[in-house]
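Since the structure comes first, as structure tokens, the remarks are kept for the end.
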Amino acid sequence: MGGSPSGTPRVRFAPSPTGYFHVGSARTALFNWLFARQTGGTFVLRIEDTDTERNREDWVDGILSAMAWLGLDPDEGPYRQSDRVADHHAAVDRLWAAGALYACDCTREQVEARTAGNATPGYDGHCRARGLERGPGRALRFAVPQGGTVVVHDIVRGDVEFPLGAIEDFVVVKSSGQPLFVLANTVDDMAMGITHVIRGEDLLPSTPKGMLIWQALQGPDAALPAFAHLPMLVNEQRKKLSKRRDPVAVESYREQGFLPEAFVNYLALLGWSHPSGRELLDVGELVAAFRLEDVNHSPAFFDVQKLTHLNGEYVRRLDVDAFVGACRPWTTGPGAPWPAERFDEATFRELAPLVQERVDVLGAVPAMVDFVFLDEPPTDEAAWSSVASDPVSADVLDAALAAYAGCAWDAPMLHQATAAVAEQVGRKLGKAQAPVRVAVTGRRVGPPLFESMAVLGRERTLRRLRAARERLAGGVADAAGAAGRDIGERRGAGAGHRDGAGAVSGGRPAAGPVPPDGGA
RNA sequence: GGCCCCAUCGUCUAGUGGCCUAGGACACCACCCUCUCAAGGUGGAGACACGGGUUCGAAUCCCGUUGGGGCUGCCA
């Protein structure tokens, strides 16, 4: 801790552990981190855990693991604000001694009763001249100077002026004796030698309060940090991202199979853009080109569709080994739709390149290859009924059974054999392959069929074709008796997965309790 | 209500007085490619909130209006 003797920037990310790690917090953390990396500065992580009512230790772990996942490694910390309360109290004593504070015993009700209908809302200064002593049950308020303005020199917005008359005598210490956010936050920034405060725009209105405290502690000539207030992240209603309605937990994106590199790339594009206009940017390019003064002023919508597209770009660029590795949580994890012992990575690897360009989130991978690792193919009832209602299906399956019985078992030969089947039934290959695809893979979309059958093997393919043929003979109404597993029951995290018209809708990420913003 | 911020295609943005009949990306539509679905290719539709100024000239500067948002807690 301490100042910045070398003159290099010291920034901090200061989340409070009151919920899942929020995408807005992640963006704030990223911009701090980018700034630090690009200036050779220091990135400090400080957990603001002084609200004992709302903090939980597992949220701290969540913050740490999400940051690690994103690669936002702190140079210092995590510090705990709760470890620094002695420092906060010492600062309070100094402020009290300097006459910057006064004690107040007003209840909320009393204040409301007195100020109802006031032109300027907020505390009315009732206790300011009462000369109350500090003591139990009495809050401490900051005596805001009358008249004049505080101007915040903001790197992204320019100078922002706040008339002091509009700032109430805010509470700095609760009647319980506990210091509040503006106090603790300011004192910590001071103690840690923070030179640049980069945070969400929602904190802009509290900035003059912090500045007042800073100056009361260090004098009017105090070297204040530079401020940079980042535009809010908003939902489709243009409101600040809400943990209630909006999918804001970084962890849920991780679980859906977004890649951290893509997530970081997308986050960087929210409120900033690369001078070249390129959008696919690796972290090195981000660090090299990022400038706080280039940050936009207006709120940005967190567009999952665009994030999903970008993720697809990253997924497709992975080499096969990296892709196979990245898929492991979904292919070998507890959420995999097949029994663990049936999964074989070498087999998966054969299909991987074909899967890779068909998914944009890793969570969609199992549905692309489950037909290989399940004993019976999955059953998409919509797909089956469209096959069942087509009179040609039976002929296709019969012809395919015959054609596949003796042909060489590789994709080109299967292609050729199936083309012959198509010709035999008088259909284009695209139409003719449908019954075979559904019979073999259970789905009407997926990796290329002939490669899929090649991997599945002749034995299993033929067995499935026969089963489908029998089911077809049994009539179209026997769906309930089918052996397959209904796709709808084991739908994994599926946002962004693509399986065509009849597909079951993708799951939405679970929204858990999340702090309003975090990262003071 | 008060204080503050913001305002280019549906979305993210480029644009810092003439290069703008406003560029890119996502999404959307059409076509091509094609064993499904994707990916890829080509093309299309789509925006400077409004009104005043300043200027030879404004998306770009100023003012106002309107609209949106944030804050207004003895939360952070």
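Naming convention: chains lettered A, B, ... in sequence-line order (proteins, then strands); numbering from 1 in each chain. Just the heavy atoms: all of them, side chains too, but no hydrogens, waters or symmetry mates, feed the values below. Please read these numbers as outputs of a predicted model, since none were measured by experiment.
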How are the rings of A:Phe227 and A:His229 set to each other: parallel, tilted or perpendicular (split at 30° and 60°)? parallel
Map A:Asp159 and A:Pro448 onto RNA chain B by nearest heavy atom, then report which one ends up closer to the 5' terminus. A:Asp159
Among the candidates [options], find the nucleotide nearest to the side-chain atoms of [X].
X        : options             : result
A:Asn296 : B:U13, B:G70, B:U11 : B:U13
A:Arg316 : B:C74, B:C26, B:G40 : B:G40
A:Arg358 : B:A38, B:C6, B:C75  : B:A38
A:His309 : B:U72, B:U11, B:A27 : B:A27
A:Val445 : B:G70, B:C37, B:C3  : B:C37
A:Lys240 : B:U13, B:C75, B:G70 : B:G70
A:Gln433 : B:U13, B:G70, B:U36 : B:U36

With a 4.0 Å cut-off on heavy atoms, is [X] in touch with a base, just the backbone sugar-phosphate, or nothing at all?
X        : answer
A:Glu161 : sugar-phosphate
A:Leu429 : sugar-phosphate
A:Gly122 : nothing
A:Leu270 : sugar-phosphate

Does the base of [N] carry an N or O that pairs as donor and acceptor with the side chain of [X] under 3.5 Å?
X        : N     : answer
A:Arg238 : B:U11 : no
A:Lys306 : B:A27 : no
A:Arg54  : B:C75 : yes
A:Glu201 : B:C71 : no
A:Glu357 : B:G40 : no
A:Ser298 : B:C6  : no

With heavy-atom distances below 4.5 Å as the criterion, would you say the side chains of A:Asn235 and A:Phe302 are in contact? no
Separation of B:G68 atom P from A:Phe301 atom CZ, nearest Å, is 18 Å
In whole Å, what is the span from the NZ atom of A:Lys174 to the C1' atom of B:C74? 6 Å
Using OP1 and OP2 only, check whether a side-chain N or O of A:Ser273 sits under 4.0 Å from B:A14. yes
Just checking, is any N or O donor in the side chain of A:Ser273 or A:Arg278 under 3.5 Å from an acceptor N or O on the other one? no
Let me confirm one number: the NE2-CG distance from A:His22 to A:Leu241, rounded to the nearest 0.5 Å. 5.0 Å
A:Phe258 ring center near A:Tyr266 ring center (under 6.0 Å): no
Could you tell me whether A:Arg27 sits above the aromatic face of A:Phe31, with NZ or CZ closer than 6.0 angstrom to the six-membered ring centre and within 45 degrees of the axis? yes
